[in-house]
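FYI, side chains are in, hydrogens and waters are out, and symmetry mates aren't considered; it's all heavy atoms of this structure.
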Amino acid sequence: MTLGIVLAAVAAILVGSTLQRLSGTGVGLVVAPVLAMLMGPALGVFVTNSTTVVSGFLIMLSVFRDVDWKRYLIFLPMALLGAVPAAFLVRELPAAWLNIVLGSVVLVALVLTFATPRVPHVRNHTLTAAAGAVGGFLNTSAGVAAPAMVMYSRFARWDQRSFAATMQPTFMTMGIFSVATKLLVGATAVGQLPPWWLFPIIVVTVVVGIRVGAWLASRVSLDAARMVAITLAGVGGAVAVVRGVVMLV
């Protein structure tokens with residue numbers, strides 16, 4: 001792994017962690033497409049999943065009181081249910097198609113999340129369970145669970161403060177399920193993992209990103225933070241799709 005790849009990965013994780021602290025989401029959307037370009041789609045998403053475990057846990061510590069644990073406990077088993085078939089999908093799909101799937105998921109998710117009109121108010125356990133399953137599937141296959149959860153929050157009219165807080169243990173758990181299922185089914189082998197020293201760097205970078213996000217919270221509007229996330233994610237998703245198509249030709 002070259003120094004350039006490490007620095008680019010650190011920059012993406014720093015931006016993603018900062019946005020995660022600001023708005024409750026951001027790591028998957030920003031980091032997954034960038035790391036997929038740098039490391040390949042399977043390994044890039046795996047490292048993204050590892051990053052969400054760290055960021056979700058650390059941010060959760062500061063927003064613990066605002067977490068809606070009842071909803072989280074519904075998400076929990078359903079996320080595992082979605083992660084298992086996604087892990088087999090990652091194992092079976094070639095790199096080119098994984099790039100296309102990842103990029104397409106990011107681009108479609110951005111449109112659904114930020115360009116859809118007002119949706120009807122629907123609040124029941126079935127919708128919550130479905131959101132958990134879809135989020136678990138997307139997190140494992142593409143490293144991008146946030147859009148599914150944002151769409152659910154719109155249907156449920158979920159308060160932003162509680163939503164952002166609850167997403168932290170949710171993303172942490174989805175990340176753990178994603179890493180575990182992909183290792184168990186052989187979608188990612190231990191021998192394919194990045195060098196061990198990259199993971200302490202990820203932890204430190206996430207901590208710095210969280211601190212930067214906390215500092216920016218009173219200085220940068222949420223709309224501005226979202227615009228940065230949309231731009232970075234959109235570019236990354238488009239590049240991933242193009243790269244996958246080129247690999248197929």
Side-chain angles (χ1 to χ4, degrees), residues 1-2 5 8-9 12-13 16 25 27-53 78-115 130-151 171 174-194 198 229-249:
M1 185 171 293
T2 66
I5 290 177
I13 293 170
T25 61
V27 168
L29 278 174
V30 174
V31 176
V34 173
L35 294 192
M37 287 186 290
L38 297 173
M39 304 176 180
L43 185 56
V45 171
F46 185 91
V47 176
T48 300
N49 294 150
S50 303
T51 303
T52 60
V53 174
M78 300 308 296
L80 179 59
L81 188 64
V84 173
F88 283 105
L89 179 69
V90 172
R91 186 185 70 179
E92 299 301 326
L93 279 182
W97 282 109
L98 278 177
N99 270 303
I100 294 172
V101 168
L102 186 152
S104 299
V105 166
V106 170
L107 293 175
V108 171
L110 287 174
V111 173
L112 290 176
T113 303
F114 299 103
V134 173
F137 182 89
L138 293 177
N139 191 70
T140 302
S141 59
V144 184
M149 309 312 290
V150 170
M151 285 301 298
F171 291 148
M174 287 181 176
I176 292 171
F177 287 163
S178 297
V179 168
T181 53
K182 282 189 277 197
L183 287 173
L184 286 173
V185 306
T188 303
V190 174
Q192 297 174 310
L193 298 181
L198 180 63
I230 293 170
T231 302
L232 293 175
V235 171
V239 171
V241 171
V242 172
R243 182 183 182 187
V245 172
V246 169
M247 291 172 69
L248 287 175
V249 176

Can you name the closest pair of heavy atoms from [X] and [Y] and give their distance?
X    : Y    : answer
A32  : V144 : CB-CG2, 4.1 Å
F171 : A145 : CE2-CB, 4.0 Å
M39  : V47  : SD-CG2, 3.8 Å
A86  : T140 : CB-CB, 3.6 Å
A42  : T188 : O-OG1, 4.4 Å
M174 : A79  : CG-CB, 3.8 Å

Is it the case that the side chain of [X] and the backbone of [Y] share a donor-acceptor pair, with hydrogens and angles ignored and the cut-off at 3.5 Å?
X    : Y    : answer
N99  : P41  : no
T181 : S178 : yes
S104 : V101 : no

Interatomic distance, [X] atom [atom1] to [Y] atom [atom2] [nearest 0.5 angstrom]:
X    : Y    : atom1 : atom2 : result
L89  : K182 : CG    : NZ    : 10.5 Å
S50  : L198 : OG    : CG    : 9.0 Å
I100 : R243 : CD1   : CZ    : 11.5 Å
N139 : T48  : CG    : OG1   : 9.0 Å
L43  : L35  : CG    : CG    : 8.5 Å
E92  : L98  : CD    : CG    : 10.5 Å

Steps toward side-chain contact (heavy atoms from CB on, under 4.5 Å) verdict (L248, W97): CA-CA 8 Å; L248 287 175; W97 282 109; 3.6 Å; yes
Side chain proximity check, V241 to L107, heavy atoms < 4.5 angstrom: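 V241 vs L107: side chains touch.
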